[in-house]
Amino acid sequence: TLKYRMKGAGGEIGDWGHEYVRHISGEIGRQIHEPDLTIETRKALVVLSKGIVAYDMTHNTESEACDLLMEIECLDLLEQFVDASCYERVCLYLISCVPYVPEPEDKNLLKT
């Protein structure tokens with residue numbers, strides 16, 4: 001599915017529904033760690049991830065957005081998408097993730 005999304009015309013990520021977005025997020029998480037991943041492909045995956053995070057933040061699935069950004073190691077992008085309506089939920093979720101994240105990433109979560 002991700003392969004076709006990357007080659008396709010694009011469009012709004014949410015047009016295909018929530019399950020499609022979740023599936024694409026999982027595929028990004030798997031592909032981003034491939035050893036033969038090119039820089040261009042990584043950049044394209046990060047751009048696609050930004051669209052997914054924006055979708056997740058507006059559809060009350062902040063935890064999935066946080067998980068995706070942690071998986072692709074771009075948690076610093078989260079600040080662009082958090083507003084007053086989801087700030088508290090995002091903070092509580094990140095704090096709850098700290099015990100499950102190895103050092104030094106746990107400190108990065110708390111700083112975020």
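Bear in mind the structure is a predicted one, so any value in this text is a computation, not a measurement.
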Please report the interatomic distance [atom1]([X]) to [atom2]([Y]), rounded to the nearest 0.5 Å.
X	Y	atom1	atom2	result
E73	L75	CD	CG	10.5 Å
H23	H18	NE2	NE2	13.5 Å
R42	I28	CZ	CD1	11.5 Å
Y100	M70	OH	CE	12.0 Å
Q31	D36	CD	CG	8.5 Å
S25	L69	OG	CG	9.5 Å

Under 3.5 Å, side chain of [X] to main-chain N/O of [Y], donor-acceptor pair present?
X	Y	value
H33	I72	no
E62	V90	no
T61	M57	no
T41	L37	no

Report, as yes or no, whether the 6.0 Å neighbourhood of atom [atom1] on [X] holds more than 12 heavy atoms from other residues, nucleotides or ligands.
X	atom1	result
Q80	CD	yes
E34	CD	yes
Y87	OH	no

What heavy-atom pair brings [X] and [Y] nearest, and what distance separates the two atoms?
X	Y	value
P99	I95	CD-O, 3.8 Å
V21	G14	CG2-CA, 4.2 Å
A65	D56	N-OD2, 3.4 Å
A44	M6	CB-CE, 3.3 Å
C66	L78	SG-CD2, 4.1 Å

So do the side chains of [X] and [Y] get within less than 4.5 Å of each other, counting heavy atoms only?
X	Y	value
V53	L77	no
Y55	E12	no
E27	R30	yes
I13	Y20	yes

Hits for side chain to side chain donor-acceptor pair (under 3.5 Å) against D83, two or more places apart or cross-chain, chain-then-number order -> S85
- prompt: Going by distance alone, is a donor N or O of one side chain under 3.5 Å from an acceptor N or O of the other, for D67 and Y93?
  reply: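 Looking only at side-chain atoms, Y93 and D67 do form a donor-acceptor pair, the distance falling under 3.5 Å.
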Decide side chain to side chain contact (heavy atoms under 4.5 Å, CB included) for L48 and L2; before the verdict, give the C-alpha distance in whole Å, the side-chain angles of both, and the deciding distance to 0.1 Å. CA-CA 10 Å; L48 182 56; L2 178 60; 3.6 Å; yes
Salt-bridge contact E19-R22 (side-chain N to carboxylate O under 4.0 Å) |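 Answer for the salt bridge query: yes.
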